[in-house]
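In what follows, a structure is listed as structure tokens, so that the remarks can point back to it.
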Amino acid sequence: MRKLDLAIVKLASCSGCLNEVLYSLVSRQELLKHLDILYFTEFQDLNDVKEVDLAIVEGSVATSEHEEFLKLVREKSRLVLALGTCAVYGGVQSLRVGEDLRKVVEASYPNPSFIEVLPDVKSVDSVVSVDYKLPGCPVNGESLARLLVKLALGGSETPIVENLCSECKRRGVFCVTVLSGKPCLGPVVMAGCGALCPSFGRGCYGCYGLSTLVVDRERLEEFLKTLEKFGVGRDDLVALLKAYSYSSLSKLIAR
Ligand code: SF4
Ligand code: SF4
Ligand code: SF4
């Protein structure tokens, strides 16, 4: 059987999702036999690669170099997977959007004159077309492995169109809001992590991103008002949504 040729690409990100990729692959030797990594970020020159079946892209687009590189990735890839919350929504670097960019750069880098970033932070799908999205900060390695198995065997992944509460119900996890009065973003957040935080008695803070498939602007506003009654400040909520759902939030606001 022909192997699935991969390019593993990094843009603006912390490499946490790439760690999940590596862990997911090295702990699945059977799966590895069906994959060929033709490009791994920083190890090879993408210009030397003619074509891959799947580009796995971690990170968001924060510079014009990222933008050009991502277009090259798209040209050379039959399929593109946006991996992790940075790639799918923009990620924590979106917190700088709307702030004084120069001040943010000066506060973050010892030599700010070397830094040239775009004023906005772009998700991968706002620059090139994307075939698959797996959010999560970091992404769930199990979900990635399932997708790779399906693609290697010639199938396609089933999209997730439900919110996190569905996973609590399926797993029999008690609702932390109902049981302990803790605020939880689960009703408006994408499923996919297996209700990780509620299963440890914590509320979800939204690292899988807002589900615009199940939430519209009015519902989100009502939900945020409800959370404020639990004592969660509006500024904190907006910061969470910006950090983990920037591109979805922008689409909701634009509607
Ligand atoms: S999604 Fe989270 S873990 Fe993944 S690269 Fe971005 S910040 Fe890191
Ligand atoms: S704990 Fe959170 S995600 Fe789970 S059912 Fe309750 S509100 Fe929904
Ligand atoms: S419960 Fe929420 S914050 Fe926790 S891992 Fe899942 S999506 Fe992320």
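The first residue in the sequence is number 1, and the count goes up from there. Counting convention: from 1, in listed order, for ligands and their atoms alike.
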Checking heavy atoms under 4.0 Å, the part of P198 that sits near ligand 3 is side chain
Quick look: L185 vs ligand 3, heavy-atom contacts under 4.0 Å, and the answer is neither
Protein heavy-atom partner closest to [atom] - residue, atom, separation in Å:
atom: atom 6 (Fe) of ligand 1; answer: C86 SG, 2.3 Å
atom: atom 8 (Fe) of ligand 2; answer: C165 SG, 2.3 Å
atom: atom 3 (S) of ligand 2; answer: G186 CA, 3.5 Å
atom: atom 1 (S) of ligand 2; answer: V176 N, 3.3 Å
atom: atom 4 (Fe) of ligand 2; answer: C168 SG, 2.3 Å
atom: atom 2 (Fe) of ligand 1; answer: C137 SG, 2.4 Å

Ion pair [X]/[Y], N-O distance below 4.0 Å:
X: K242; Y: D235; value: no
X: R234; Y: E228; value: yes
X: E162; Y: K169; value: no

Looking only at heavy atoms, what is the nearest atom pair of [X] and [Y], with distance?
X: V26; Y: L32; result: CA-CD1, 4.5 Å
X: A82; Y: V124; result: CB-CB, 4.2 Å
X: S247; Y: V88; result: OG-O, 3.3 Å
X: G90; Y: S123; result: N-CB, 4.2 Å

Give the atoms of ligand 1, by number and element, whose distance to some non-hydrogen atom of [X] is under 4.0 Å.
X: G136; result: 1 (S)
X: S13; result: 5 (S)
X: E58; result: 5 (S)
X: P138; result: 3 (S)

Checklist line | Stepwise ring pair (Phe, Tyr, Trp, His ring centres under 6.0 Å) check, Y244 with Y205 | finding: CA-CA 9 Å; Y244 293 115; Y205 53 87; 5.7 Å; yes
Going by the 4.0 angstrom heavy-atom rule, the piece of K169 near ligand 2 is side chain
task: Treating Ile, Leu, Val, Met, Phe, Trp and Tyr as nodes and any side-chain heavy-atom pair under 4.5 angstrom as an edge, say whether V215 and F223 lie in one connected cluster.
output: yes
**Q.** N/O/S atom of C197 inside 2.8 Å of atom 6 (Fe) of ligand 3, strictly under
**A.** no
Any donor-acceptor N/O pair, [X] side chain to [Y] backbone, under 3.5 Å:
X: Q93; Y: A12; value: yes
X: S77; Y: V73; value: yes
X: S248; Y: S245; value: no

Note: ligand 2 atoms sitting under 4.0 Å from heavy atoms of C184 are 1 (S), 2 (Fe), 3 (S), 7 (S)
*asked:* If the cut-off is 2.8 Å, does any N/O/S atom of C175 fall short of it from atom 6 (Fe) of ligand 2?
replied: yes
Next item on the list: Apply the test side-chain hydrogen bond (donor to acceptor under 3.5 Å, both in side chains) to residues D120 and Y246: give CA-CA distance (whole Å), side-chain angles for both, the deciding distance (0.1 Å), then the verdict.
Entry: CA-CA 10 Å; D120 201 6; Y246 176 59; 2.7 Å; yes
- Task: Run the contact test for C204 against ligand 2 with a 4.0 Å cut-off on heavy atoms, strictly below, and give the result.
- Result: no
Show which atoms of ligand 3 fall inside a sub-4.0 Å distance from at least one heavy-atom site of [X].
X: G206; value: 2 (Fe), 3 (S)
X: L164; value: 1 (S)
X: C193; value: 1 (S), 5 (S), 6 (Fe), 7 (S)

*asked:* Taking 2.8 Å as the cut-off, does C14 contribute an N, O or S atom near atom 6 (Fe) of ligand 1, distance below it?
replied: no
